[in-house]
Undergrad: 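Pasting a structure here, questions to come.
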Amino acid sequence: MLRKFGTGLALVAAAAMALSGCSSTDNQKANDAKSETSQSTQADQGKNLGNVTIFAAKSLTKAFTELGKEFEKQNKGTKVTFSFDGSQNLVDQIHQGSPADALFTADQKNMDKADKNGDVEANKSYATNTLVMVVPKGNPAGVKEFTTDALKDKKLVVCAVGVPCGNATKELAEMAGVKFTPVSEEQNVGDTLAKVETGEADAGIVYKTDAMASDKVEAIKLPHADMVVNDYRVALTKSAKNKEGGKAFVDFILSDAGQKILEKYGFTAPTNK
């Protein structure tokens with residue numbers, strides 16, 4: 001009897017150990033699953049990148065405002081601060097010491113200037129854009145086309161030479177053989193558009209994206225516009241205080257999600273350089 005009783009105790013002990021082992025394994029699996037879920041959630045929320053300062057061309061205002069909100073949403077705790085202005089002004093501001101983590105210009109020429117100043121790292125294309133002529137809704141002055149005769153006695157407003165949209169306007173006018181005397185030359189495309197929206201000008205030359213974003217103007221296609229394409233360029237600044245945040249934002253703009261938002265606002269695909 002004692003032998004059988006001892007054998008019974010041994011069997012009970014073995015079963016208990018087996019159950020304990022199963023329980024331990026189950027607990028470990030549960031903990032692993034919980035850890036994976038936590039890591040996945042953290043990955044979905046991205047990373048708190050702190051304060052990120054972005055200098056961007058005026059024509060990017062609406063698109064980048066949405067992109068900034070989406071970037072903050074994906075990186076909880078991150079705060080993106082934008083400074084929108086003409087590319088030439090942004091380049092000058094950075095050279096004079098204004099803090100920025102990344103610079104987004106509306107052309108290659110101004111980015112080349114920033115590079116020559118020694119203020120930026122290697123740059124790349126992130127979008128392209130073309131010009132259109134805009135007139136106030138209803139076209140009260142009856143501007144029909146971008147020709148010397150059609151613009152005679154019309155109040156035309158353009159971007160100043162040196163501003164990306166101004167450089168492109170000059171190139172396009174020369175290509176099309178169009179001569180005009182503008183009533184105003186603005187320092188950024190936003191101010192050019194505003195003059196037309198308020199009726200201060202009969203027509204203006206702006207980017208297709210600006211025309212699409214306004215419900216106060218009508219767009220008229222320009223001859224040779226597809227041959228004068230502005231290559232929008234981006235670079236991290238050498239004086240960046242938050243290089244990690246700046247790089248993350250640049251990567252987001254170049255991602256499929258970022259490009260899809262830019263496309264929604266009328267921007268076309270970046271070049272391969």
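Treat the numbers as computed from the prediction; the structure is a model and nothing was measured.
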Undergrad: Whether E121 and K243 form a salt bridge (side-chain N of Lys/Arg under 4.0 Å from carboxylate O of Asp/Glu) is what I want to check.
TA: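 Judged by the 4.0 Å cut-off on N to carboxylate O distance, K243 and E121 do form a salt bridge.
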
Undergrad: I'd like to know if D251 and K247 make a salt bridge, using a cut-off of under 4.0 Å between side-chain N and carboxylate O.
TA: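 Judged by the 4.0 Å cut-off on N to carboxylate O distance, D251 and K247 do form a salt bridge.
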
Undergrad: Rounded to the nearest 0.5 Å, what's the gap from CD1 on I220 to CZ on F146? Could you check?
TA: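 Separation between the atoms: 11.0 Å.
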
Undergrad: Looking at CD of E171 and CG of N167, how far apart are the two atoms once the value is rounded to the nearest 0.5 Å?
TA: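 Atom-to-atom, E171:CD and N167:CG are 8.5 Å apart.
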
Undergrad: Write down the atom of A63, the atom of L262, and the distance for their closest heavy-atom approach.
TA: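 Residues A63 and L262, closest heavy atoms: CB-CD2, 4.0 Å.
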
Undergrad: Centres of the F84 and F82 rings: under 6.0 Å?
TA: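 Yes: the rings meet the under 6.0 Å criterion.
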
Undergrad: Keeping the roles fixed (side chain from T148, backbone from K179), state whether a donor-acceptor pair exists under 3.5 Å.
TA: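 Side chain of T148 to backbone of K179, a donor-acceptor pair under 3.5 Å: yes, one is there.
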
Undergrad: Any side-chain donor-acceptor pair under 3.5 Å between N110 and T105?
TA: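 Note: N110 and T105 side chains miss the donor-acceptor criterion.
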
Undergrad: Does the T271 side chain pair with the main chain of S125, one donor and one acceptor, at a distance under 3.5 Å?
TA: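 Side chain of T271 to backbone of S125: no pair is present.
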
Undergrad: According to a hydrophobic-cluster definition based on side-chain heavy atoms being under 4.5 Å apart (Ile, Leu, Val, Met, Phe, Trp, Tyr only), do V189 and V229 belong together?
TA: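 In one cluster with V189: V229, no.
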
Undergrad: Where does the angle between the aromatic ring planes of F71 and F252 fall among parallel (under 30°), tilted (30 to 60°) and perpendicular (over 60°)?
TA: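 Tilted, since the angle between the ring planes falls between 30° and 60°.
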
Undergrad: Rounded to the nearest 0.5 Å, what separates atom CD1 in I261 from atom CZ in F64?
TA: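 It comes to 10.5 Å.
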
Undergrad: Are the side chain of S87 and the backbone N or O of A106 linked by a donor-acceptor pair below 3.5 Å?
TA: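 Yes: the side chain of S87 pairs with the backbone of A106.
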
Undergrad: How close do A203 and V196 get, heavy atom to heavy atom, and via which atoms?
TA: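 Heavy atoms only, the tightest pair is C-CG2, 3.7 Å.
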
Undergrad: Is there a donor-acceptor contact under 3.5 Å linking the side chains of Q74 and E70?
TA: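 Yes.
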
Undergrad: Any chance you could measure K58, atom NZ, to D191, atom CG, to the nearest 0.5 Å?
TA: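 Rounded to the nearest 0.5 Å, the NZ-CG separation comes out at 6.5 Å.
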
Undergrad: Which atom names give the shortest non-hydrogen contact between D101 and G246, and what distance separates them?
TA: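 It is CB-CA, 4.1 Å.
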
Undergrad: F267 pairs by side chain to side chain contact (heavy atoms under 4.5 Å, CB included) with which of T130, T128, L60?
TA: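 Among the candidates, only L60 passes.
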
Undergrad: Check F55 against Q93 and note the closest heavy-atom contact, atom names and distance.
TA: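 The pair with the smallest heavy-atom distance is CE2-OE1, 3.7 Å.
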
Undergrad: Are the side chain of E72 and the backbone of V80 linked by a donor-acceptor contact shorter than 3.5 Å?
TA: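 Yes, because the side chain of E72 sits within donor-acceptor range (under 3.5 Å) of the backbone of V80.
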
Undergrad: Is there a donor-acceptor contact under 3.5 Å from the side chain of E218 to the main chain of G138?
TA: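 Here the side-chain-to-backbone pair exists.
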
Undergrad: Verify, without hydrogens or angle tests, whether N75 (side chain) and T78 (backbone) share a donor-acceptor contact under 3.5 angstrom.
TA: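 Here the side-chain-to-backbone pair does not exist.
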
Undergrad: About how many Å separate NZ of K113 and CG of D119, when rounded to the nearest 0.5 Å?
TA: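 Atom-to-atom, D119:CG and K113:NZ are 10.5 Å apart.
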
Undergrad: Could you pull out the closest heavy-atom pair between Y207 and C165, with the gap in Å?
TA: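 Looking at all heavy atoms of both residues, the shortest contact is OH-N, 3.1 Å.
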
Undergrad: V228 and F180: same hydrophobic cluster, using ILVMFWY side-chain contacts below 4.5 Å?
TA: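 Yes, V228 and F180 fall within the same hydrophobic cluster.
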
Undergrad: Run the salt-bridge test on E174 and K170 with the 4.0 Å N-O cut-off and return the result as yes or no.
TA: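 Looking at K170 together with E174, the answer is yes, because their closest N to O distance falls below 4.0 Å.
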
Undergrad: Should the heavy atoms of other residues, nucleotides or ligands under 6.0 Å from CD of E200 be counted, would the total exceed 12?
TA: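 Enclosed.
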
Undergrad: Does the K154 side chain pair with the main chain of V143, one donor and one acceptor, at a distance under 3.5 Å?
TA: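 It does not hold such a pair.
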
Undergrad: Check this for me: M227, atom CE, are more than 12 non-hydrogen atoms of other residues, nucleotides or ligands nearer than 6.0 Å?
TA: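 No, CE of M227 has 12 or fewer neighbouring heavy atoms, counting only those of other groups under 6.0 Å.
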
Undergrad: Have a look at V217 and tell me which of V132, V206, L193 forms a side chain to side chain contact (heavy atoms under 4.5 Å, CB included) with it.
TA: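 Going through V132, V206, L193 one by one, the side chain to side chain contact (heavy atoms under 4.5 Å, CB included) with V217 is satisfied by L193 alone.
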
Undergrad: Let me check something: do M212 and I205 share a hydrophobic cluster, defined by ILVMFWY side-chain heavy atoms less than 4.5 Å apart, either directly or through other members?
TA: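 Result: no, two separate clusters.
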
Undergrad: Are the side chain of E197 and the backbone of P136 linked by a donor-acceptor contact shorter than 3.5 Å?
TA: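 Between the backbone of P136 and the side chain of E197 there is no qualifying donor-acceptor contact (under 3.5 Å).
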
Undergrad: Do side-chain atoms of Q187 reach the backbone of D85 as a donor and acceptor pair under 3.5 angstrom?
TA: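 A pair under 3.5 Å: no.
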
Undergrad: State, to 0.1 Å, how close K238 and G118 come at their nearest heavy-atom pair, and which atoms those are.
TA: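 Taking every non-hydrogen atom into account, CD-O, 3.3 Å.
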
Undergrad: Nearest 0.5 angstrom please: D202 CG to M133 CE, how far?
TA: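 Spacing of CG (D202) from CE (M133) equals 10.5 Å.
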
Undergrad: Look at atom NZ of K241 and say whether more than 12 heavy atoms of other residues, nucleotides or ligands are closer to it than 6.0 Å.
TA: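 No, not enclosed.
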
